[in-house]
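Data block below; observations after.
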Amino acid sequence: MKQYLQHHEWQIIEEGFNPEYNEISESVCSIGNGRMGQRANFEEQYSGDTLPGSYVAGIYYPDKTRVGWWKIGYPEYFAKVLNAPNWIGIDIAFDGEQLDLAHCKVESFRRVLDMQKGRLERYVTAQFPDGRRVEIASCRFCSIADDEIGAIRYSVKPLNFSGTLSITPYVNADVINQDSNYGEKFWVEVETKTKRSQAYITAETKKTEFQVCTGMRFSIFQNGVKVNFDSLRVHKEKYAGRTVDIKCEKGRETVVYKYAAVVSSLNHEKAELLERCQEAVKRAHDKGFEVLLQEQADAWAAKWEEADIRIQGDVAAQQGIRFNIFQLYQTYTGEDERLNIGPKGFTGEKYGGSTYWDTEAYCFPFYLATADQHVARNLLVYRYRHLQKAIENAEKLGFSGGAALYPMVTMNGEECHNEWEITFEEIHRNGAIAYAIHDYIRYTGEKEYLAEYGAEVLLGIARFWAQRVHFSQPKQQYVMHGVTGPNEYENNVNNNWYTNYIAAWCLRFAGESMQYVKETAPEQYSALAGRTNFKEQEELRRWAEIAGNMHFPADAQLGIYLQQEGYLEKEILTAADIPAAQRPINQHWSWDRILRSCFIKQADVLQGMYFFEDHFSEEDIRRNYDFYEPRTVHESSLSPCVHSILAARLRKEEKAYEMYLRTARLDLDDYNNDTEDGCHITSMAGAWMAVIKGFGGMRVYDDTLQFSPMIPSQWNAYAFKLRFRGALLQVKVTKEQAIVRNLSARHLDIKIYGNLFTVEAGGDLSVGLR
Ligand code: BGC
């Protein structure tokens with residue numbers, strides 16, 4: 001854990017230069033707009049530790065898999081969101097000497113991510129080895145008002161000398177992925193073009209043949225006056241840049257404005273890319289930096305207006321939740337149904353920018369409640385579009401007849417993860433995809449989604465489960481062998497309770513959904529049944545038979561469900577028994593030792609209790625929580641939020657708060673010692689859930705929005721907004737009461753602590769806190 005970032009309600013502030021933490025700060029202070037993203041790398045050259053990262057949504061490379069021995073069924077490749085051509089670069093030299101903070105004495109340094117306004121700033125005073133001192137200030141953003149544009153204001157001021165300043169703004173496609181399997185470079189140059197103050201490079205990805213044109217135009221001001229300059233082209237491979245030499249005087253500031261555009265063949269014809277890029281650069285340049293900056297601030301203000309959570313009395317908690325909401329909206333805006341949410345978003349290379357079950361299990365509720373309904377719907381449609389590939393994935397493993405296995409990791413629907421214990425065994429992911437459909441319908445009431453898209457996905461998923469189980473003669477029940485549950489610290493187990501439970505639930509839900517479509521949309525039903533060759537009676541009967549006769553391992557004496565068969569035969573310790581110096585265990589213990597231990601990486605049985613809370617009594621949940629939480633090391637970022645929500649449900653206030661902070665500040669405080677690889681974007685939605693579903697107790701049952709609010713003792717009040725079925729509610733919880741305000745023009749019936757109330761349009765409702 002590191003606590004070098006300052007607490008502030010709206011900003012992330014790094015005061016003082018911490019080269020040893022630079023890669024962490026680069027992750028934390030990343031900027032993005034759903035279409036492109038950028039780590040907080042310096043604009044000027046830097047030879048210290050850095051992970052350069054510019055990413056373009058949907059642009060990936062299928063890097064050839066590296067495994068020891070090939071096994072049938074392994075995916076051929078691991079998809080990587082590419083480190084894309086760099087658009088931020090501005091090299092600076094004084095009298096021929098490059099500015100590189102790694103070779104300077106850094107006298108002062110301040111990096112600020114302003115989440116309210118959506119921009120990154122940096123202020124530095126540095127001294128060259130020969131004593132010359134300079135001041136730098138930079139401000140940049142990826143526009144969310146115009147998502148193909150980024151802009152930078154970069155100023156330099158010599159403090160104790162005058163001389164020649166060389167400024168080289170550039171775009172550069174000669175970039176690498178640190179995680180490349182074979183050290184290969186993934187970009188091929190297509191064309192470059194430069195003019196006096198402009199430079200463009202079009203590059204193509206090998207194999208996938210995506211093209212990206214990255215362009216820029218710059219202007220220079222001294223003492224507020226625009227400088228007329230000549231520039232020289234810099235000749236380098238896969239690079240387009242211009243150098244300007246100008247006089248700079250002691251104490252006088254030189255400001256460079258760099259307007260950049262990143263356009264890709266995902267959205268434009270390849271033949272027109274350069275032209276589109278030039279248009280975008282011109283658009284940005286003509287508006288000018290200040291106008292773009294204001295548009296950016298306005299666009300973020302509009303997002304915050306609805307998505308913000310305000311916490312009074314606890315700045316660390318406030319900063320944490322805003323950071324999470326900010327990063328989520330920087331990663332995914334929901335406007336393009338081909339895109340999704342990588343576990344690290346645009347903040348690093350890890351997890352390849354691919355789609356995981358994280359989206360459905362964790363991110364989905366956030367977008368469902370804070371954005372227009374089409375945003376969550378787009379996330380579902382994304383999986384619908386991948387259904388055929390999911391069927392092919394299942395076929396590769398030997399399943400047939402339209403059984404669909406959604407991938408654990410994917411860019412285009414194909415499985416591209418290559419650890420057998422995950423690819424072949426972590427099949428519970430299929431359940432999360434079905435669960436999100438259920439969640440969507442429960443929240444929005446839009447049951448028609450089933451006939452349009454949902455039922456077909458559920459049918460494929462149900463067919464998979466129906467083939468994946470087998471009947472155990474000794475048990476006289478259906479069982480599932482050779483799986484990995486959500487707890488990845490245990491592989492190849494039999495009867496993982498969570499997997500069996502969600503499989504049985506899927507079979508039931510799929511059956512009900514098919515019946516519903518048959519009754520309400522008979523024409524769509526026959527079309528669906530025809531194209532999927534659905535054998536109604538036979539398949540429905542088998543699904544019901546399996547769901548009603550599935551084996552769920554349990555221990556009667558302890559009154560708990562067993563994570564998997566034989567779990568209690570392990571040496572049963574608690575996480576408190578692990579010496580602090582050995583945590584996180586995944587950075588200290590051999591994999592063998594981890595697998596044999598009883599320690600749980602992330603919610604497993606408890607993940608099921610969280611999803612299906614209404615299937616269990618409070619006592620059931622408590623017993624399982626009290627048994628499993630102490631054995632959980634929370635080494636997946638996805639773990640603490642589920643525990644926080646359940647702890648709040650059980651009124652374990654202190655634990656709920658501890659787990660909330662751990663989720664919300666996971667990257668700000670680098671809890672798991674891995675933020676340098678990128679931020680844990682998908683778990684950030686878990687922090688949102690910990691407030692809304694945990695402390696706020698928000699649920700939807702029987703078409704009714706419900707709250708059971710509580711407040712951590714550290715907070716004076718908190719407030720959030722939710723969209724629900726055409727209404728917009730603001731919920732404020734103080735130490736005394738919960739106040740629900742209906743900000744919309746339609747009344748809404750809601751439940752608070754189980755009692756039904758009507759909140760009139762524009763009206764208020766207050767209920768004393770319990
Ligand atoms: C977790 C998985 C998760 C993945 C990406 C892993 O560490 O165990 O559940 O899908 O990270 O976030």
Side-chain angles (χ1 to χ4, degrees), residues 27 78-81 179 324 327-328 331-332 340-364 366 379 383 405-411 415-433 435-436 483-493 496 498-499 502 563 583-587 589 591 594-595 597 599-608 610-611 628 632-643 662-663 666-667 671-687 689:
S27 301
F78 186 78
K80 300 201 158 138
V81 73
D179 68 353
N324 290 191
Q327 289 293 2
L328 282 163
T331 308
Y332 184 76
N340 210 279
I341 309 151
K344 297 269 170 180
F346 299 122
T347 68
E349 296 175 3
K350 196 164 175 205
Y351 299 120
S354 299
T355 307
Y356 283 63
W357 74 305
D358 304 30
T359 295
E360 284 78 12
Y362 293 86
C363 302
F364 193 73
F366 168 76
L379 286 172
R383 295 291 194 176
L405 175 59
Y406 276 91
M408 187 63 188
V409 179
T410 195
M411 272 291 175
E415 175 62 77
C416 62
H417 194 288
N418 46 40
E419 288 172 277
W420 63 269
E421 62 274 27
I422 292 180
T423 311
F424 302 158
E425 296 202 329
E426 223 186 309
I427 50 178
H428 67 80
R429 62 204 184 231
N430 246 12
I433 287 158
Y435 189 83
V483 305
T484 294
N487 166 32
E488 292 178 345
Y489 286 179
E490 189 90 58
N491 303 144
N492 207 33
V493 302
N496 168 256
Y498 173 77
T499 308
I502 203 161
Q563 187 174 272
R583 304 280 299 265
I585 56 174
N586 67 17
Q587 291 175 15
W589 289 9
W591 189 233
I594 289 177
L595 290 178
S597 81
F599 298 118
I600 303 169
K601 182 181 181 187
Q602 67 201 91
D604 195 304
V605 167
L606 297 181
Q607 180 75 33
Y610 154 68
F611 270 170
Y628 285 109
T632 306
V633 287
H634 304 294
E635 290 179 13
S636 160
S637 63
L638 300 175
S639 189
C641 59
V642 171
H643 290 83
R662 187 153 171 178
T663 300
L666 182 83
D667 291 312
Y671 267 92
N672 286 351
N673 201 22
D674 60 0
T675 300
E676 62 199 30
D677 295 337
C679 294
H680 301 81
I681 301 295
T682 45
S683 75
M684 292 186 181
M689 291 198 291

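One-based numbering, in listed order, for ligands and for the atoms of each. Just so it is clear, the values below take in all heavy atoms, side chains as well, and ignore hydrogens, waters and symmetry mates.
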With sequence neighbours excluded, what pairs up with Lys344 under the salt bridge (Lys or Arg N to Asp or Glu O under 4.0 Å) test?
-> none
Which of the numbered atoms in ligand 1 are below 4.0 angstrom from a heavy atom of Leu638?
-> 3 (C), 9 (O)
Are any side-chain N or O atoms of Gln327 and backbone N or O atoms of His680, one a donor and one an acceptor, separated by less than 3.5 Å?
-> no
Give the residue, atom name and distance (to 0.1 Å) of the protein heavy atom nearest atom 7 (O) of ligand 1.
-> Lys601 NZ, 2.8 Å
For atom 11 (O) of ligand 1, find the nearest protein heavy atom and state the residue, atom name and distance (0.1 Å precision).
-> Tyr351 OH, 3.3 Å
Check each atom of ligand 1 against the heavy atoms of Ser636 and keep those under 4.0 Å away; list them by number with element.
-> 1 (C)
Atom indices of ligand 1, in the order listed, that fall short of 4.0 Å to a heavy atom of Trp357 = 2 (C), 3 (C), 9 (O), 10 (O)
How are the rings of Phe611 and Tyr498 set to each other: parallel, tilted or perpendicular (split at 30° and 60°)?
-> tilted
Tell me yes or no: between the side chains of Glu419 and His417, is some donor less than 3.5 Å from an acceptor?
-> yes
Just one of Asn487, Asn496, Thr484 clears the side-chain hydrogen bond (donor to acceptor under 3.5 Å, both in side chains) bar with Asp604, so which one?
-> Asn496
Thr682 N/O under 3.5 Å from ligand 1 N/O | no
Side-chain (Glu635) to main-chain (Asn586) donor-acceptor, under 3.5 angstrom = yes
Backbone or side chain, does any N or O of Tyr356 fall under 3.5 Å from an N or O of ligand 1?
-> no
If you compare His417, His428, Glu488 by their heavy atoms, the one closest to atom 2 (C) of ligand 1 turns out to be Glu488
State which residues pass salt bridge (Lys or Arg N to Asp or Glu O under 4.0 Å) with Arg583; sequence neighbours excluded, sorted by chain then number.
-> none
Is the side chain of Ser27 donor-acceptor paired with the backbone N or O of Thr675 at a distance under 3.5 Å, no angle test?
-> yes
Under 3.5 Å: N/O of Glu426 near N/O of ligand 1 = no
What residue and heavy atom of the protein are closest to atom 3 (C) of ligand 1, and at what distance?
-> Asp358 OD1, 3.5 Å
So the atoms of ligand 1 within less than 4.0 Å of a heavy atom of Pro343 turn out to be 5 (C), 12 (O)
Quick one: look up the protein heavy atom nearest atom 8 (O) of ligand 1 and list residue, atom name and how far away it is.
-> Gln602 OE1, 2.5 Å
